[in-house]
Structures are given as structure tokens and as C-alpha cells.
Amino acid sequence: MSILVLPSVTANLYNLSNSYTYSKSKTNNDQNLRRDTEIISLLQQNRKNLKHVESIHGKAIKKGTEQDPFVVFDLVRLYCKLNIDHATKLFHCTHNPNVYLYTSLIDGFVSFGSYSAAIALYAQMGHKNVFPDSYVVTSVLKACLLQRALGFGREVHAQVLKSGLGLDRSIALKFIELYGKCGELEDARKVFDKIPERDVVAHTVMMASYFDHGMVEEAIGVFDGLKTQDTVCWTAMIHGLVRNGELNRALEMFREMQVKGVEPNEVTFVCVLSACSQLGALELGRWIHIYMHKCNVKFNQIVAGALINMYSRCGDIDEAQLLFDDMKVKDVSSYNSMICGLALHGMSIEAIELFREMLKQGIRPNSITFVGVLNACSHGGLVELAFEIFQSMETLYGIKPDIEHHGCMVDILGRVGRLEEAYNFIDRIGAQNVDDKMLCSLLSACKIHGNSEVGERVAKRLSECSSRMDSGSYMMLSNFYASLGRWNFAAEFREKMEKGGILKEPGCSSIEVNNVIHEFLAGDLRHHERRSIYRKLEELNYLTKLEGYSPATEVALHDIDDKQKELALAVHSERLAISYGLISTEPHTTLRVVKNLRICDDCHAMIKLVAKITSRKIVVRDRNRFHHFENGHCSCKDYW
DNA sequence: ACCCGTTCCA
């Protein structure tokens, strides 16, 4: 069968005649014959190509079967995937569209991101006296939850209860999801509790809703309420724990899943790899990588990206690079993972070269790409290049810089000491592009460069956005004033923080030894080998002082005497983690430490010497980037 | 005739 190609199909397409009726000779009483099977099977075979679908549509018009509800239905569904405007026009040319046709176009709008159009169409359906079925309701609820249209969702709920569709399973699932996404957990729970046969899917939806809002224990309660959990349910559990920062619990769950004999799938592995990335658990990550091959996991783009991310965030940028080079098909996310990884390791030139390579391959950068590239510029001190790229975002790639990108620019200017410029930049970009993170970064730069004049202006501005300040901002302000010796101001911000019920995020470092993550807080005495750890630390203090290390007491900012300051510094969490690493691993083993805050000058200076004295490579990931210490030097060249 | 819940990079 050849495809009839009309010269200007699209032009004629929507002048549909009103005369469509089957003549007696073409129909009999069998409903199945009341459809143009030829057109439908043609559409089945040519679903991917807009031109082909258009010409089949033309053929239907010629045959006079273009109002056949089955033909229109298939056409609208295909057009929805190919060209939403075609779908809309065809819909409006259809006489008395039935509920199926409404469903297809509503689904089309949803996948196109036009949620309000989907909702409007559903409302219009009511006015045309077309009665909803369970499918169209689930479709419009999908639009409601993505649009967070809680009010309309409630109207639909009332309608559904009246119409008798209230007991439908898929509708109930969507209501749980809608209420869950909108933060109405009690309503979500009510729907969940009313489902007569709560299966694993309903439990999974309810669980994910709790996790979305940080209600970890409630989510676990729902999970435990099931007798048997399947792969997806376990995965939702692991993902929920990861999202809520319960990384070790997530890994425990993964182990338990294996004990119970439930096969993980590629989604499970992506979640587990994310936990490894955040923990810096390289050995475990490597083991999982090997294990994935045994589980016949599909290595799709997301899985590959998760692996690249894991290796680079765990400090093994070479392995990340090898994986990236091996990828046959690379999309924008693959490049983003690698660019961000290189930036994290301070490999600015490599990151920017990769960005150029990506452009050469014709891959369009997105907003995340630029965060990575600008971060790379920041770590390399490449100010002018950063401005060039920043400007090109909108002019060349049509991407409006958001708050994150503006933050990178402030960071870059601050780091190289162009503080006045950075301040003017913030003034220029408008309040909607300024956040406390950005002001903190500039204030930190002012402190490092000893510019109290700009610093005070920034501090004033930062303290004015107290409504959305976190512990980092308060500590920054307190430390800034302390560095000027203005102890009363310093104390005031600490008090404000305590009164506001905001807890200081404690410095925490972790190190992986034999697949176990050991965590240390500053001055931590919980570890069972604490005696040996502190003995090692004392030895290191002694040896590094011989090498010329002198504790820079001004970085410890309490109003206490110098000896006390030295003591406070001496037990910073990263030092404990390194001491433990030294006593628990073979000589020459690389130590990898992950710290949740930024490393301080003093620890940085000391670790350089520790690496030299012990002939170890020491890799530290802090909040911002990696530091590779070796033989008395750091890969960041003391610039971070 | 429309299809259940879980995924990386800032």
C-alpha cells in the first residue's frame, strides 16, 4: 500500500466537511465495522513521522471518513506527540468529541507542559455534557498535580464523589499524589485509608508523598505496613531516604533488599549511587558498579550519568573520565555531569575544553551546563572568560541567567578580590537575583581579602534578609564581625541564631575504611579507637610544627585566649578523619575524606604537611570542591 | 479505544 501524498495537506486539513455519515451500504450492525480500518492500520505503521500522518489524514478526508471517531482518536493521539497545535485544531474541527478524545488532548497538553490548557479543556467538557470516566479524571488530575492546582483538584474530587467514580483505584492513586504534592498530607492519607484494597502501588504513592515533605518516619510506617514489597517500592524507599539525607539508612535498606532477595533495577542503582556520591563512599561505589553488571542492568544515559557523578564526587575523576569517554551516545546531561565533575576537581581548563567540544558536537547547553562552566572559571580565577560566557548565555543560547549563575559571578569577582565590582554587580542585577548564599560568598571574600569597608555593606545587607537566613549566614556574620574584633556584634548574631531556634550545622568529616563510613565531628570522642586517633593527632601536631606549621589563631573566632583557639582548631573533624585513616590503612594508601563545610585555612595548611610527612595522597572534598594533597602541595594551589 | 508507583548533572 502506497502512501498518498497530497501537495498541501496541512492547508486542507482542517476544512473538514460536516457530511460525514456512514451510508447504509458501508455499515452493518456490528460496531467493529464502524471504523476505517485501512486508515487506522496506516496510522499504526506511520506513527513517528508528522508528514506521513498528515498525508494519511488527507487520505481520510478524501475517503470521507475523517469524522470517524476511531480515526479522529488515533489522529489526535499521534498529533499530540508530533505537533500539539495540529492536535488542538483537529480536536476543534471534530463534531461532538467524545470522552476518549478529550482524554487524548488533555494528555497531550500535559505532556507538552500546558497544564492550565488541560484543566480548561476538562472544564469545557463538563459544559458540553460529556460525562467523565476514570481515565479522563486521572488525566486532569495529572495536570492539577503538576500545576499544583489544589483548588480545582478539590472541585474534581467533589464531582467524582457525586458521580460514583470515587471508588476507582487509579483516581484514588492520583488524589493521593495530588494532595501529597500540594503538602496536604492529611487529605492524602484519608484517601489512602479509604482504598478498600491497598496494594503495593498505593503504598508506594503514599510513601513517596511523605518523603516529599520530609516525613521520614511516616513513610517508613507505610512501607512497613506491607507484607511484601516489590522492586519499585524498595526503590521508592531508598530514594526517599536519600532525598532526606538519610544516606546510611538508604544503604542499609539496599542491603536489606538484597537479603530479602528482591532484584534491584537500574532506578534502584541510580538512587544507591547517589547515596555513595554524597557520602564519598568510593569503595562501595566501585563494588556497586561491578554488581550492576551481574544484575543485567540497562546502562541508559541516566545510569551512566549517575556513575560518572559517583566517581567524580568520590574523588576518582580519572575513572569518571574513562566512563565518559566510553559512552557511545552523549547527551547534554552526560556532558553536564563531566563538566561539573571537572570543575569540582579544579580542572578548569579541561572543563572549559569539554564545554567547547560539546558545542562543536552540536549539543545545546542548558542552564546546568553554565553552572558547571562558571564554577570551573571560578576555581581557575578566569574572570574575563567567565564574563564572556555569562554574557553569551542569553545572546547565543537563549538561556536567562538565574540566581545560581549570578551567584557564580559574584563568587568569581570575590575570589580574585574585585570586591567593589562584585558589590556593584549585586546592586545591578535586581533583588530577585540576590540571595543569602551569594551575599555569604561575597562576605567571605571580603574577610579573606581584608576589605572591611565593602564587607560591612555586605554584612548589613545580609542581616536584612534575616527571614530566610540559615545557620551558615548567621555564622558567617558572626565570624566576620569577630574577625574585626567586634565581639559584641559577633555575639549578637550567635544569640539571634539561637533565639531563632536555628542550630549551627556542625562540621562533620567522614572517611571510608573497608567499606565502612566513619564519621567525625569536631572534638569527637565517640569512635571506639579514639585513643589511638588522638595519639596519632598529637604526633602529627608535633611533626607538622617541626615542618613550620603554626596554627593561625585568628581563624578560631570565639573571644577566648590563643591557647584555647589552638585547641579548638586542633580537633577539627577533618584532622580526626585523617588520623583515623592513617592508623587504619596500609602505608601509601590514598586517604579520601568528605567534609560537609568548607575547609579552613589552618587545616588546609596542616594537611599539606601531613601529606608530605606521611608520603600519602590525601583527597578532601569540602562543600565547594576537591583538594588533592600530595607532597606538601594542594591541587587548588591555595586558592579556593 | 485511553494505562498504576521508583531515576543523574547546579
Side-chain angles (χ1 to χ4, degrees), chain A residues 31-32 35 40 68-74 76-77 80 98-108 133-139 142 168-174 176-177 180 195 199-209 211 222 226 229-240 242-243 264-274 276-278 297-313 320 324 330-344 365-376 402-405 407-408 437 624:
Chain A
Q31 285 285 310
N32 286 329
R35 57 167 119 173
I40 288 167
D68 176 334
F70 293 92
V71 170
V72 182
F73 176 72
D74 277 0
V76 168
R77 286 193 65 205
C80 277
N98 58 22
V99 69
Y100 304 116
L101 203 61
Y102 274 99
T103 309
S104 352
L105 190 57
I106 289 173
D107 276 338
D133 65 3
S134 63
Y135 291 95
V136 77
V137 174
T138 51
S139 292
K142 220 178 288 174
D168 184 87
R169 175 173 171 273
S170 55
I171 292 181
L173 291 178
K174 276 283 164 280
I176 299 174
E177 211 181 333
I195 299 177
D199 59 6
V200 65
V201 180
H203 279 77
T204 308
V205 176
M206 192 63 234
M207 233 172 73
S209 300
F211 274 129
V222 173
L226 271 170
Q229 301 92 348
D230 64 3
T231 299
V232 175
C233 189
W234 275 100
T235 304
M237 181 73 198
I238 292 168
H239 180 227
V242 172
R243 265 184 301 168
N265 65 15
E266 75 274 12
V267 183
T268 321
F269 281 111
V270 168
C271 300
V272 173
L273 286 171
S274 168
C276 292
S277 304
Q278 290 179 57
V297 165
K298 283 175 274 170
F299 277 76
N300 61 23
Q301 303 282 52
I302 298 178
V303 173
L307 277 167
I308 290 171
N309 184 36
M310 183 277 291
Y311 279 113
S312 65
R313 304 236 324 159
F324 178 76
K330 297 175 181 125
D331 63 9
V332 57
S333 302
S334 327
Y335 276 95
N336 287 352
S337 296
M338 197 64 224
I339 289 171
C340 293
L342 290 166
L344 193 65
N366 62 20
S367 168
I368 297 170
T369 316
F370 287 103
V371 174
V373 173
L374 293 176
N375 260 323
D402 65 23
I403 205 154
E404 202 92 29
H405 304 104
C408 291
K437 258 180 75 186
N624 268 353

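So you know, we letter chains A, B, ... as the sequences are listed, proteins then strands, and number each from 1.
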Spacing of [X] atom [atom1] relative to [N] atom [atom2], expressed in whole Å:
X: A:Leu273; N: B:dC9; atom1: CG; atom2: P; value: 10 Å
X: A:Lys174; N: B:dC2; atom1: NZ; atom2: P; value: 17 Å
X: A:Ile308; N: B:dT7; atom1: CD1; atom2: P; value: 20 Å
X: A:Trp234; N: B:dG5; atom1: CH2; atom2: P; value: 21 Å
X: A:Leu307; N: B:dT7; atom1: CG; atom2: C1'; value: 13 Å
X: A:Ile302; N: B:dT6; atom1: CD1; atom2: C1'; value: 11 Å
X: A:Ile238; N: B:dC8; atom1: CD1; atom2: P; value: 13 Å
X: A:Tyr135; N: B:dA1; atom1: OH; atom2: P; value: 10 Å

Kindly say whether, by distance alone, the side chain of A:Asp230 makes a donor-acceptor pair under 3.5 Å with the base of B:dG5?
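Counting by modelled atom types and ignoring angles, a donor-acceptor contact under 3.5 Å is found here.
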
[N], OP1 or OP2 - any side-chain N/O from [X] closer than 4.0 Å?
X: A:His239; N: B:dT6; answer: no
X: A:Arg169; N: B:dG5; answer: no
X: A:Asn309; N: B:dC8; answer: no

By side-chain hydrogen bond (donor to acceptor under 3.5 Å, both in side chains) - contacts of A:Thr231 (at least two apart):
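Expected list: none.
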
